[in-house]
Amino acid sequence: MKRSVHCGALTKADAGKTATLNGWVHRKRDHGGISFVNLRDRYGITQVVVDSDASDALKAIAAELKHEFCIAVEGTVRARPDSMVNADMATGAIELVASRIEILTRCELLPFQIDQESDAKEELRLKYRYLDLRSGGMQYRMKLRNDVSFAVREWMISQGFYEIETPTFIKSTPEGARDYLVPSRLYPGKFYALPQSPQLYKQILMVSGFDKYFQIARCYRDEDARGDRQPEFTQIDIEMSFVERDDVLAMIEGLFGHVFKKTLGVSLPAQFKRLSYDEALELYGSDKPDLRFDMRMQDFAPYVEQSSFQAFKDALANGEAERREAAAKGVTQAGGGVKALVVPGKADYSRKQIDELEAAAKIYKAKGMAWMKVAADPAGKPVLEGGASKFFADNAADLISGLGAKPGDLILLVADAKRRIANIALGAVRSKLGKDLGFCDPKVFKFAWIVDFPMFEWNEDENKWDTAHHMFTWPQEQYHATMESDPGSVKGDLYDLVLNGFELASGSIRIHDPDLQKKVFKIVGFDPAEAEKKFGFLTEAFKYGAPPHGGIAPGLDRLVMLMAGETSIKEVIAFPKNSFAVSPMDECPNEVDQKQLDELHLSIRYPEKP
RNA sequence: GGGGGCGUAGCGAAGCUGGUUAUCGCGCCGGCCUGUCAAGCCGGAGAUCGCGGGUUCAAUCCCCGUCGCUCCCGCCA
């Protein structure tokens with residue numbers, strides 16, 4: 001009994017017609033004389049009725065049905081009387097009166113119930129992923145992901161981009177994340193690497209004249225997983241020639257505008273807010289701030305001098321020493337910092353709640369978090385009380401007005417000899433407050449560009465400069481002359497796209513000048529011979545008329561995750577790995593036969609047990 | 001490498017300061033029921049309290065170890 005229609009198709013207009021449905025028993029309600037089966041497939045759910053006047057044979061089959069049996073039903077479409085219409089169901093105006101039911105396959109007792117949102121533990125959901133994927137939630141998210149991918153291709157191709165595939169067996173290149181390696185059978189001791197991204201290939205495609213390239217590309221990084229990170233993930237990889245930064249940003253704004261409109265019906269602003277990296281860190285304490293709420297951090301240093309708070313004074317004084325030391329290395333963005341966050345109307349926070357906020361700061365290396373409450377004296381004048389207020393008695397009025405605080409507000413303070421730590425730690429507090437206070441509506445989408453990232457970062461462990469992004473990033477023009485003498489001050493032509501506190505895309509304008517590339521290699525201590533060996537093909541390609549170019553790579557998993565209102569990309573990946581990079585369903589990774597190892601010229605050295 | 005949390009029936013949870021028969025909801029099995037749509041009502045089965053050891057008259061509960069999962073820090077150009 002092959003289906004004539006799917007389970008979401010029938011409407012009142014079909015009343016009187018015969019139809020055959022195939023699907024799974026979603027629910028069953030047996031009333032003795034009459035019974036109902038909700039039959040489900042990918043398209044919807046249709047109510048099947050076995051009427052009281054049905055044959056005994058039909059009733060006997062209906063009685064056998066259990067959850068998730070795969071069945072075929074033939075019957076007549078009947079319009080439901082008004083009182084029996086189910087307005088919550090897409091097909092709620094009709095039902096199929098069964099004349100024949102065939103059990104295609106039976107289903108054993110389920111390990112968990114298949115509902116809209118399964119409440120089973122993730123471990124179990126992943127082990128029985130084929131069942132979990134039947135749930136309404138997973139079905140919706142897989143559809144959304146499909147729709148997003150389609151909308152991406154639709155837009156990119158309409159804008160003149162070519163989708164070009166690049167290899168997944170590539171040469172291992174230095175820096176960045178650990179590579180997943182594939183041993184070579186034909187060349188003992190040699191390996192392919194799986195790409196961390198198609199970076200080098202897309203740049204070479206620019207040299208080849210494909211001036212608008214994109215690819216929905218699988219990427220692999222052998223690093224520990226997180227809610228928003230999997231060992232394998234998907235990027236919308238994009239590269240363009242003869243463009244400047246703003247061309248890339250505008251192109252992405254167009255793409256996302258189309259994707260959100262087409263798939264969610266959500267209109268995005270034509271242009272996204274822009275923040276410099278320094279602003280993002282100073283105002284929001286993060287390079288991926290959640291802008292669904294404002295609550296900016298403020299500089300508290302001006303109020304420290306007149307106060308009697310020695311801990312804060314020390315932080316700034318030690319920070320001064322830190323700054324001088326950093327300046328000797330060329331780093332200008334160093335020194336101590338004291339940052340304040342005014343939380344409107346939260347002077348009623350309990351000690352416990354404040355302690356929890358402090359704990360959030362401490363995760364990011366803050367030594368502690370001070371706090372004060374703003375109250376009003378009998379004359380109605382704002383005053384400070386509680387916590388660290390006694391240290392600021394002398395300049396309380398000044399401080400309150402300077403911070404723009406009002407009676408009833410809570411003031412949170414973090415100080416550190418490293419300004420970056422003060423910023424990031426208080427930023428974590430801001431972020432926690434946003435969640436606690438219900439400012440993080442998953443249906444609100446606040447995009448922002450973070451631009452002007454530092455080009456180089458000082459590597460404390462190896463006592464050398466590293467590139468903050470990657471070695472092919474174009475240093476902004478105005479720094480080219482001073483780049484070698486003062487790497488710390490150089491800004492790269494780098495940009496991140498941030499959405500609701502997640503880094504959604506990262507990109508840059510690339511170096512197309514071999515001489516400039518050599519200078520960057522030199523600054524990060526990348527030996528020319530080594531560079532030649534690892535990237536020779538790229539530098540060689542660039543000798544043949546490389547165009548100026550740049551690109552970006554939005555993460556598809558994170559995008560769909562945020563669009564679906566989820567907080568883990570596992571929810572939008574059909575078969576994800578768990579947090580230990582294992583697939584519980586098929587038990588991958590697994591051991592292989594000795595024969596396979598022999599063919600690959602491999603022997604295993606197991607770690608010694610402690 | 002480090003930190004927080006979790007592990008009790010098929011699933012999700014409760015179990016106070018250690019005390020006799022380990023509780024609840026869903027699911028499952030049986031029965032009743034002619035309009036439900038998370039159907040309802042009655043009855044029933046189902047637990048090595050992750051595993052190992054210790055303390056104790058007595059351990060799901062306390063201690064040590066171990067395994068698994070989860071979130072986070074580090075890491076992720």
Side-chain angles (χ1 to χ4, degrees), chain A residues 26-39 45-54 59 63 66-68 78 80-89 91-92 95 97 107-128 131-132 173-179 196-197 199-200 219-231 233 356 359-360 362-365 424-425 428 431-432 453 455-457 459 461 466-473 492 494 503 506-508 520 524 526 553 555 567-568 570 578-580 582 584 609-610:
Chain A
H26 188 63
R27 288 215 171 31
K28 191 178 114 177
R29 295 174 293 280
D30 186 351
H31 288 239
I34 189 171
S35 64
F36 303 92
V37 173
N38 283 358
L39 193 64
I45 295 177
T46 299
Q47 174 163 285
V48 171
V49 190
V50 178
D51 259 333
S52 47
D53 59 359
K59 283 182 176 172
K66 301 201 193 312
H67 281 128
E68 300 304 313
R78 179 162 73 193
R80 299 198 205 176
D82 287 349
S83 63
M84 293 167 198
V85 167
N86 184 343
D88 298 331
M89 241 173 130
T91 61
E95 58 197 3
V97 185
C107 177
E108 293 191 1
L109 180 59
L110 294 162
F112 54 86
Q113 285 158 254
I114 296 167
D115 290 316
Q116 187 65 24
E117 284 306 325
S118 177
D119 57 1
K121 286 197 180 77
E122 187 170 270
E123 188 179 359
L124 204 65
R125 292 177 56 204
L126 292 181
K127 182 171 178 190
Y128 297 95
L131 295 178
D132 188 45
T173 52
E175 303 281 319
R178 273 184 286 268
D179 283 326
Q196 296 178 25
S197 82
Q199 184 62 37
L200 302 180
C219 305
Y220 307 87
R221 295 180 190 174
D222 189 0
E223 297 292 341
D224 292 347
R226 279 285 191 290
D228 62 351
R229 266 165 35 192
Q230 281 269 302
F233 61 99
E356 282 170 8
K362 284 183 169 172
I363 292 172
Y364 292 88
K365 307 260 159 46
I424 290 176
S431 179
K432 179 171 165 48
F453 281 76
M455 177 82 190
F456 301 101
E457 281 171 355
N459 182 329
D461 298 333
D466 282 342
T467 47
H469 186 59
H470 60 54
M471 286 188 269
F472 314 111
T473 299
L494 278 160
E503 179 193 311
S506 194
S508 63
V520 171
V524 299
F526 202 48
T567 54
S568 164
K570 290 177 201 157
N578 70 9
S579 62
F580 298 97
V582 166
K609 290 203 172 135

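Residue numbers begin at 1 in each chain, while the letters A, B, ... track the order of the sequences.
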Determine the Euclidean distance between corresponding [atom1] atoms of [M] and [N]; express it in Å to zero decimal places.
N: B:rG43; M: B:rC24; atom1: P; answer: 13 Å
N: B:rU60; M: B:rC16; atom1: P; answer: 13 Å
N: B:rG53; M: B:rC67; atom1: C1'; answer: 15 Å
N: B:rG74; M: B:rG15; atom1: C1'; answer: 38 Å
N: B:rC63; M: B:rU55; atom1: C1'; answer: 7 Å
N: B:rG4; M: B:rC64; atom1: P; answer: 13 Å
N: B:rG1; M: B:rA38; atom1: P; answer: 50 Å
N: B:rC75; M: B:rG10; atom1: P; answer: 43 Å

Of the nucleotides [options], which one has an atom closest to the side chain of [X]?
X: A:L109; options: B:rC37, B:rC72, B:rC28; result: B:rC28
X: A:F580; options: B:rC69, B:rG12, B:rC37; result: B:rC69
X: A:S579; options: B:rG10, B:rG35, B:rC71; result: B:rC71
X: A:A120; options: B:rG74, B:rC11, B:rU34; result: B:rC11
X: A:R27; options: B:rA38, B:rC71, B:rC73; result: B:rA38
X: A:E95; options: B:rC33, B:rC76, B:rG35; result: B:rG35

[X] bridged to [Y] by N-O distance under 4.0 Å:
X: A:R229; Y: A:E223; answer: no
X: A:R78; Y: A:D51; answer: yes
X: A:R27; Y: A:D115; answer: yes

Ring centroids of A:H31 and B:rA39 base under 5.5 Å with planes under 30°: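 A stacking contact exists, since A:H31 sits close and nearly parallel to the base ring of B:rA39.
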Please work out if [X] contacts a base, only the sugar-phosphate, or nothing of the nucleic acid, heavy-atom cut-off 4.0 Å.
X: A:D51; value: base
X: A:G92; value: nothing
X: A:N86; value: base
X: A:L124; value: sugar-phosphate
X: A:T473; value: nothing
X: A:F472; value: nothing
X: A:A468; value: sugar-phosphate
X: A:G32; value: base

Under the 3.5 Å rule, do the base of [N] and the side chain of [X] count as making a donor-acceptor pair?
X: A:E123; N: B:rU70; answer: no
X: A:R78; N: B:rG35; answer: yes
X: A:E223; N: B:rG74; answer: no
X: A:R80; N: B:rU36; answer: yes
X: A:R229; N: B:rC75; answer: yes

When the distance from CD of A:E122 to C1' of B:rG7 is rounded to whole Å, what number comes out? 15 Å
Tell me: CD1 of A:I114 to P of B:rG10, nearest whole Å?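 Between P of B:rG10 and CD1 of A:I114: 18 Å.
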For A:L126 and for A:D88, locate the closest nucleotide of RNA chain B by heavy-atom distance; then report the residue assigned to the nucleotide nearer the 5' terminus.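 Its nearest nucleotide lies further toward 5', so the answer is A:D88.
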Could you let me know what [N] is paired to, Watson-Crick or G-U wobble, both distances under 3.5 Å, or none if it's on its own?
N: B:rU66; value: B:rG50
N: B:rG35; value: none
N: B:rC26; value: B:rG10
N: B:rU17; value: none

For [N] and [X] - does any side-chain N or O of the residue sit under 4.0 Å from the phosphate oxygens OP1/OP2?
X: A:H67; N: B:rC28; value: yes
X: A:K121; N: B:rG12; value: yes
X: A:R29; N: B:rU36; value: no
X: A:K66; N: B:rC29; value: yes
X: A:K570; N: B:rC71; value: yes
X: A:N38; N: B:rC37; value: no

[X] side chain vs [Y] backbone, donor-acceptor pair below 3.5 Å:
X: A:K28; Y: A:A63; answer: yes
X: A:T473; Y: A:G492; answer: no
X: A:H31; Y: A:G33; answer: no

Counting heavy atoms not belonging to A:D53, are there more than 12 under 6.0 Å from its CG? yes
Could you walk me through whether A:Q196 and A:D179 pass side chain to side chain donor-acceptor pair (under 3.5 Å), step by step? CA-CA 7 Å; A:Q196 296 178 25; A:D179 283 326; 2.6 Å; yes
